[in-house]
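Predicted model only: the values in this text are computed from it and were never measured. Naming: A, B, ... by sequence-line order, numbering from 1 per chain.
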Amino acid sequence: MTWRPRLAEGTAPVLVVLLLLLVGLALAGPAYDEPSGYLALLKRAAPLMILAIGQYFVIVSGGFDLSVGALVTAGVVIAARLIDGDESATTPVILLVLGFGLLVGLVNGLITTKLLVPSFIVTLGMLLVLDGATFLWTDGAPRGALSAAFRTFGRGALDVPLLGEIPWSVLILLAILVAAALFMRSGTGRALVAAGDNEAAVRMSGGQVDRLRLLGFVLSGLLAAVAAILLGGFAGVSAQVGNGLEFRAITAVVLGGVLLGGGRGSVVAAAAGALSLEALFTLLNLLGVSGALESAVQGLIIIAAVAYASLGGGLRQRLRTRPKQRNTVQPAPS
Amino acid sequence: MTDVTPRVRLTGITKSFLGVPVLHGVDLDLRGGEVHAVMGENGAGKSTLLKVLAGVHRPDGGTIEVDGAPASFAGPTDAQRAGIAIIHQEFTLLPHRSVAENVYLGREPVRRMQVDRRRMVADTRDLLDWLGEDGIDPTDAVSSLSVAQRQVVEIVKALSTDARVLGMDEPTAALADHEVELLYDLVRRLRERGIAILYVSHRMREVFDLSDRITVLKDGRLVTCAPTGELTPEDLVRYMVGRDLGEYYPDRAAPGDLGPVRLALRGAGNARVRDLDLEVRAGEIVGLAGLQGSGRSALARAVFGVEPFTTGGLEVDGAVRRVTRPRTAVRLGIALVTEDRKGDGLALRQSVRDNTLLVRRAALGGRRARARSDVSRLLDLVTVVARGEHQEVRFLSGGNQQKVVLAKWLAVEPRVLLVDEPTRGIDVGAKRAVHELLRDLAKRGVAVLMISSELPELIGMSDRILVMHDGALAGELPAGASEGDVMALATGHTAGAAA
């Protein structure tokens with residue numbers, strides 16, 4: 001058997017797309033002549049990338065999480081109201097927001113796996129519930145304010161020796177990305193993908209499919225809470241902060257070559273998809289394309305990416321079924 | 001035989017996919033009123049040849065003649081127009097529509113701007129009568145038909161396009177044992193009515209029962225084409241694998257090889273099986289025979305905790321255990337190779353490596369779940385042929401997929417191995433490798449319980465044979481029992497019928 005370093009199936013296109021966009025940015029805007037421009041891009045993209053990583057866990061195991069946008073809004077609004085400018089409340093409230101995200105993920109996961117409601121419906125319901133509850137609680141205009149310490153995560157930077165000022169959000173993103181990539185190399189991570197591919201095979205191999213799925217939802221909820229903390233700091237308090245983020249995250253994951261319905265794709269590619277999306281919007285902005293077109297562009301991307309996956313998959317299969325196989329090692333019985 | 005001019009003649013067909021040749025100058029002719037079997041290992045080019053005939057693939061070289069006149073098919077419709085139809089392994093019927101609607105799907109006769117139902121039903125009935133199938137009514141919903149009857153509908157659908165050449169791809173793969181006879185009958189009737197039949201199958205016995213001529217392909221080349229009467233099964237195996245397989249099965253266990261009882265059932269039962277008493281010892285392969293639906297697979301699934309026993313006891317290595325889910329079974333050292341490897345054996349889009357490690361990762365915890373250094377040793381042990389550990393298993397042949405299933409269980413070193421139809425749909429070479437592997441495992445102290453519908457395999461492999469009938473054990477036979485004895489027990493005729 002050969003051993004060679006390789007990209008996961010479907011990862012290569014997104015990396016090419018990302019590279020093209022980054023080159024495009026360098027040509028289009030003077031801000032992208034030096035690293036600081038790209039660092040700013042990464043900082044802007046960090047919340048979406050984190051959401052995409054969370055969404056990846058759910059999609060690759062065969063589900064959808066539509067509740068993350070509403071969860072981000074709820075997280076920001078709750079934090080603002082509870083902190084209300086009080087610096088000392090920062091730590092407990094951060095823990096509370098993370099716990100809230102975890103809880104929402106747990107509820108999503110339990111209803112999906114135990115009550116056998118399709119995750120699309122469960123999380124759509126959760127989206128509406130969270131939206132409604134946030135609206136009821138705030139009357140449409142969030143009250144309170146975030147503390148300076150809270151906002152540091154989204155706005156501030158850490159002075160790293162040799163590298164200079166690195167935004168907190170970028171550091172958090174990198175930590176999450178590395179952890180996610182390592183997790184996906186572990187036995188549990190591989191089993192999660194296998195469960196999205198063939199649930200019955202995992203169950204008949206002694207696996208706990210429900211727990212794996214549940215884990216995906218919990219991670220998605222938790223990471224949405226992290227994104228909420230970063231976005232609250234970066235963009236400030238509003239009742240619209242999370243609007244549409246669920247679809248943007250799904251678009252990013254699909255752009256990263258992850259198969260809808262589960263079973264294939266890499267988490268790093270999903271994050272790269274999110275970065276590509278952000279880079280694309282930045283580029284369009286630099287080129288003077290109206291921001292109003294963003295959702296239209298996003299819609300086209302999601303359709304094109306899924307179409308590519310279905311068509312391209314068939315093509316790749318045809319390329320691969322026939323090549324010569326290595327000659328077998330003869331069995332050495334007894 | 002009957003006609004001088006063959007219905008279809010393929011001469012020197014070559015076909016490559018992206019530079020890899022799959023067919024090298026294959027000749028084949030199909031005569032009216034003849035069943036022509038095509039055999040070969042997986043990857044020998046059988047299905048490509050079938051697809052060339054069906055117009056799905058255009059050959060790179062060679063000629064196609066229909067009724068003596070040169071023809072070229074740009075697509076399946078052209079082949080259909082020339083009177084060629086293919087019955088695929090997977091059916092293409094819509095379950096909630098009637099037989100007649102399915103037969104004329106997309107080609108409904110029209111009268112006054114509306115579908116002419118009366119004519120559709122009448123024409124379908126004519127075809128069914130012509131075939132001598134009176135058990136099917138054109139107005140029946142397809143969902144109410146048995147698998148064998150659905151196959152008849154597929155054939156009627158083909159005939160309704162005036163097909164005079166029928167290609168059948170592993171037609172018995174989906175059928176229960178008792179339905180196979182019905183198919184035989186049908187094929188014979190088609191032959192009598194002058195249809196030319198191309199019959200692709202793995203099953204030796206079928207081919208000898210049915211065919212008039214046999215063509216053997218190996219690695220895309222024509223090895224031989226001869227009247228069935230001039231060939232023996234041994235010849236065929238030799239042609240297909242290109243080597244003499246010698247004796248078919250590995251040696252059985254000697255009495256001294258048997259160890260302690262690994263698996264025991266004491267009056268165990270559930271909704272599907274009842275009063276099961278059996279013991280399987282370390283070192284032996286116990287065959288489990290029975291007709292489809294007799295409870296063979298249900299027994300294995302119950303032991304494995306999929307549909308657990310509700311009465312009686314199950315003992316593993318002498319200790320009474322309650323196994324209510326596969327996870328428990330796996331942790332007790334029980335493995336189940338299911339009969340449906342694509343359905344619940346493998347995660348097809350995952351790599352060879354990930355599938356090999358699947359059980360270990362899914363069912364075990366801690367350090368044992370993380371171990372992955374021995375993957376290549378496991379794959380060598382089961383002699384998997386793949387382009388690498390990272391190739392997705394769906395690109396492997398059936399035989400190699402089955403070997404990966406075995407590798408994933410070997411990775412957790414089971415003490416009790418249940419195998420359900422371990423060699424279904426895999427080629428002769430892989431079959432032999434699986435047989436040797438099972439015997440090898442038994443020698444190393446695994447207790448093997450093997451279910452198989454293929455009696456020669458079951459008899460050749462087993463140290464003793466348990467026969468099930470109607471959810472219960474009907475009896476036990478020693479090694480080397482005759483097929484007649486097994487069938488007598490399996491069908492419930494306990495006395496006589498010994499062949």
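Only the side chain of B:Arg325 comes within contact range of chain A, with at least one heavy atom under 4.5 Å from a heavy atom of that chain. Looking at B:Val359, the atoms closer than 4.5 Å to chain A (heavy atoms on both sides) sit in the backbone and in the side chain alike. With a threshold of 4.5 angstrom between heavy atoms, A:Leu259 approaches chain B through side-chain atoms but not through N, CA, C or O.
If you take CZ on A:Phe217 and OG on A:Ser119, they are separated by 4.5 Å, rounding to the nearest 0.5 Å. Taking CD from A:Gln55 and CD1 from A:Ile50, the interatomic distance works out to 14.0 Å, rounded to the nearest 0.5 Å. The line from OG1 of B:Thr356 to CZ of B:Arg377 is 12.0 Å long, rounded to the nearest 0.5 Å. Residue B:Phe304 holds its CZ atom at 10.5 Å from CG of B:Leu332, rounded to the nearest 0.5 Å.
Applying the 6.0 Å contact sphere to CZ of A:Phe247 captures no more than 12 heavy atoms from other residues, nucleotides or ligands. Summarising the local packing, NZ of B:Lys431 is surrounded by more than 12 heavy atoms from other residues, nucleotides or ligands at distances under 6.0 Å.
At a threshold of 4.0 Å, the pair B:Arg361-B:Asp354 counts as salt-bridged, since one of the basic side-chain nitrogens sits closer than that to a carboxylate oxygen. Remark: B:Lys443 does not engage B:Asp440 in a salt bridge, criterion side-chain N to carboxylate O under 4.0 Å. Here B:Asp463 pairs with B:Arg439 in a salt bridge; the nearest charged N to carboxylate O distance falls below 4.0 Å.
Looking at residues two or more places apart in sequence or on another chain, you find a ring-ring contact (aromatic ring centres under 6.0 Å, His included) between A:Phe120 and A:Phe64.
The interface of residues 106-114 of chain A with chain B, defined by heavy-atom distances below 4.5 Å, is empty. Proximity to chain A among residues 338-346 of chain B is limited to B:Thr338, B:Lys342, B:Gly343, B:Asp344, B:Gly345, B:Leu346, judged by heavy-atom separations below 4.5 angstrom. For residues 192-200 of chain A, a heavy-atom distance under 4.5 Å to chain B picks out A:Val193, A:Ala194, A:Asp197, A:Asn198, A:Ala200, given by residue number.
In terms of heavy atoms, B:Glu392 sits closest to B:Leu348 at CB-O, 4.0 Å. Taking each heavy atom of B:Asp60 and B:Ser16 in turn, the nearest pair found is OD2-N, 2.6 Å.
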Quiz prompt | Chi angles and distances behind the salt bridge (charged side-chain N to carboxylate O under 4.0 Å, His left out) call for B:Asp257, B:Arg252 | solution = CA-CA 10 Å; B:Asp257 296 343; B:Arg252 295 200 176 85; over 6 Å; no
Exercise. Show your reasoning for whether side-chain contact (heavy atoms from CB on, under 4.5 Å) applies to B:Thr48 and B:His57.
Key: CA-CA 8 Å; B:Thr48 310; B:His57 293 324; 4.0 Å; yes
